[in-house]
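Okay, structure first, notes after.
Atoms within each ligand, like the ligands themselves, are counted from 1 in listed order. Side chains included, hydrogens not; waters and symmetry mates left out as well; all remaining heavy atoms used.
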Amino acid sequence: MSPEEFRNAARAHSEWIAEYMEHVREYPVVPAVRPGEIAAKLPSVGPEHGEPIEQIFADFQSTIVPGLTLWNHPNFNAWFSASSTPPSVLAEFLMAALNVNAMLWKSSPAATELEQVTLGWLRQWLGLDDRWFGIIYDTASISVMQSIGAAREWIAPECRTKGMQPGLTVYVSEHTHTSAEKAAITLGFGQDNVRRIPVDDEFRMQPELLEQAIEADLAAGRRPCCIVASIGSTSASAIEDVPAIADIAQRYKVWLHVDAAYAGPAAIVPEMSHLLRGVERAQTFVLNPHKWLYVSMDCSVLYTTRPEMFRRASSLSAEILKTAEDGNVVNFNDYGLQLGRRFRALKLWYVLRYYGREGIVAMLRESMRLAQMLKGLVEADADFEIAAPVPLSLVCFRHRSSDEVNRQLLSDINASGKLFLSQAILHGKFVLRFAIGNHQTTEQDVRESWQLIQQCAAKLAVVHK
Ligand code: PLP
């Protein structure tokens with residue numbers, strides 16, 4: 001591609017992106033496509049000869065976009081609503097052009113140093129002291145796997161040479177994100193060695209039951225290794241009693257990982273700083289800028305007070321990777337499985353600088369205000385009920401009738417293409433989850449979404465009479 005051809009194509013692409021961002025509400029948030037429909041429109045063998053970029057771009061618009069679920073849409077309120085803000089999009093563009101690999105300091109000094117600097121800023125905004133060492137991974141799933149790997153190194157260092165040892169046990173709650181259990185499976189702990197501690201009425205791990213489970217395991221000669229506590233659980237955004245869990249972790253010398261993948265950024269808001277109570281006694285803490293900190297997929301930040309455990313668990317010295325600066329610099333590949341690492345710090349830096357702490361606090365506060373507003377709308381409608389506390393920006397609710405009606409309601413809402421919600425089972429009942437967090441979601445969006453939900457419910461009521 002000649003520089004001229006690239007310039008023209010880049011202009012056309014950036015124009016399309018700007019138009020898309022401006023008119024995003026005109027697009028359906030969920031596509032009305034059947035499995036296989038998109039693939040059927042594409043050739044089953046790759047092109048023998050190169051094709052013009054204009055043609056590829058045209059097919060992207062006509063074939064691919066209509067088959068996309070639009071995560072950056074203000075009415076995407078499923079799972080956890082996320083944002084790829086304009087500064088993050090611009091940084092991704094630069095990252096692709098530079099194709100930097102942030103594996104070693106030497107492989108791109110500014111990438112490593114920017115990662116250290118931006119994670120230092122974020123750490124200060126979160127009120128964490130300078131004992132915390134930050135690392136960017138792709139996702140919270142990888143972060144928790146690396147953390148449990150470091151925990152194993154701490155409790156049973158012989159695993160590194162001899163392989164997995166019997167009886168090492170991981171503690172999660174019934175509502176902990178499945179990534180923790182997946183990590184335990186991947187690392188060879190085995191599902192039988194994951195304890196799922198029951199939750200209380202507000203979906204929080206019960207510390208007394210955690211302690212009982214640890215006592216029982218010790219009595220049986222097992223080795224408690226890691227506890228995963230959640231601040232902002234996936235189903236219901238429950239905030240667990242981290243100080244009480246940290247007491248237990250300390251008493252029994254068990255590694256504590258705090259999963260704040262979604263909720264962590266909210267602690268930047270001064271009146272929400274209590275969210276991180278107890279975290280100062282954890283060994284690791286994760287938050288995802290790609291969930292609620294306005295950075296595009298993917299970007300997960302893990303902080304640890306025990307970086308040497310990550311190095312001991314993950315580093316190997318290969319001749320080809322040795323550099324003259326070793327010993328004086330951080331080589332981030334030493335802290336995880338991945339050698340090649342994307343330059344994710346650039347998009348975090350762009351976002352933190354463009355909005356500033358003040359701008360980010362304002363956006364986070366607005367999401368939480370809209371969630372309280374929606375909670376009020378649900379409570380004001382006698383046909384609906386709130387299904388879980390709303391401490392942050394997730395509203396769980398249900399129609400007061402049956403699970404069957406709620407399932408159909410979710411299906412009808414999502415089929416409208418105007419709103420995308422997800423579901424959870426809370427206290428044995430099917431509930432709808434409305435997650436707010438996209439930077440473009442306005443009060444009007446939320447009010448219109450609530451009207452749509454009410455209209456869908458009213459139509460169902462007629463059918464079920
Ligand atoms: N932890 C929590 C609380 C989550 O809600 C999620 C995903 O929604 C994860 C972890 C996993 O995040 P990721 O997709 O970054 O692996």
Side-chain angles (χ1 to χ4, degrees), residues 69 71-72 76-84 88 134-149 170-187 194 196-197 199 202-205 226-240 242 245 256-267 275-276 279 282 284-303 336-338 341-342 344 347-348 367 371 388-389 391-396 420-426 431 433-438:
T69 297
W71 280 70
N72 211 21
F76 181 107
N77 301 105
W79 302 305
F80 280 119
S81 169
S83 302
S84 180
S88 186
I135 311 159
I136 302 182
Y137 295 114
D138 53 359
T139 57
S141 303
I142 297 301
S143 298
V144 70
M145 190 195 74
Q146 296 291 168
S147 174
I148 298 175
V170 174
Y171 301 83
V172 301
S173 88
E174 293 169 312
H175 277 257
T176 304
H177 191 267
T178 46
S179 54
E181 191 166 330
K182 268 195 185 179
I185 297 168
T186 307
L187 291 165
V194 178
R196 307 195 112 236
I197 309 298
V199 295
E202 296 189 359
F203 315 106
R204 298 169 300 195
M205 180 191 283
C226 180
I227 302 166
V228 179
S230 303
I231 294 180
S233 63
T234 310
S235 316
S237 74
I239 298 164
E240 295 186 333
V242 176
I245 295 171
L256 175 58
H257 173 73
V258 177
D259 179 357
Y262 145 67
L275 274 180
L276 300 193
V279 166
T284 48
F285 163 69
V286 72
L287 75 156
N288 276 3
H290 75 223
K291 287 200 195 306
W292 200 14
L293 199 57
Y294 314 110
V295 175
S296 45
M297 276 289 290
D298 50 8
C299 184
S300 176
V301 172
L302 180 127
Y303 286 104
L337 181 65
Q338 269 192 293
R341 303 172 70 250
R342 301 183 70 227
R344 298 187 181 89
K347 55 185 174 175
L348 184 59
S367 295
L392 298 158
S393 65
L394 172 68
V395 182
C396 296
F420 189 32
L421 302 183
S422 56
Q423 80 280 356
I425 302 288
L426 297 179
V431 311
R433 296 172 68 268
F434 193 123
I436 302 174
N438 181 274

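Taking any N or O of Tyr262, backbone or side chain, none lies under 3.5 Å from an N or O belonging to ligand 1. The N/O atoms of Thr234, backbone and side chain alike, include one that comes under 3.5 Å of an N/O atom in ligand 1. Note: an N/O pair closer than 3.5 Å links His290 and ligand 1 by distance alone.
What you find for Arg341 and Ile136 is that their closest heavy atoms are NH2-O, 2.8 Å. Summarising the geometry of Ser237 relative to Tyr262, their closest heavy-atom pair is CB-CE2, 3.8 Å, with the distance given to 0.1 Å.
Residue, atom and distance of the protein heavy atom nearest to atom 11 (C) of ligand 1 are His177 CE1, 3.4 Å. In terms of protein heavy-atom proximity, atom 16 (O) of ligand 1 is nearest to Ser141 OG, 2.5 Å. Protein heavy atom at the shortest distance from atom 8 (O) of ligand 1 is Lys291 NZ, 3.1 Å.
Ring geometry for Phe420 versus Trp79: interplanar angle over 60°, hence perpendicular rather than tilted (30 to 60°).
Using a 4.0 Å cut-off to heavy atoms of Gly232, the atoms of ligand 1 that qualify are 3 (C). Distances below 4.0 Å separate heavy atoms of Ala261 from the following atoms of ligand 1: 1 (N), 2 (C), 10 (C).
In this structure, Arg342 pairs ionically with Asp298, as a charged nitrogen and a carboxylate oxygen lie closer than 4.0 Å.
Checking Val286, Asn288, Asp259, Thr139 against atom 10 (C) of ligand 1, the nearest heavy atom belongs to Asp259. The residue among Ala140, Ala260, Ser235 with a heavy atom at the shortest distance from atom 15 (O) of ligand 1 is Ala140.
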Q | Audit row: Ser233, His175, side-chain hydrogen bond (donor to acceptor under 3.5 Å, both in side chains) steps and yes/no | A | CA-CA 7 Å; Ser233 63; His175 277 257; 5.1 Å; no

Q) Please walk me through it: do Ser367 and Ser393 pass side-chain hydrogen bond (donor to acceptor under 3.5 Å, both in side chains)? A) CA-CA 6 Å; Ser367 295; Ser393 65; 5.4 Å; no

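Checking Ser300 against Asn288 by side-chain atom types alone, a donor-acceptor pair falls below 3.5 Å.
Of the heavy atoms in Phe80, only side-chain atoms (C-beta onward) come closer than 4.0 Å to ligand 1.
Between the side chain of Ser173 and the main chain of Ile197, no donor-acceptor pair closer than 3.5 Å is present.
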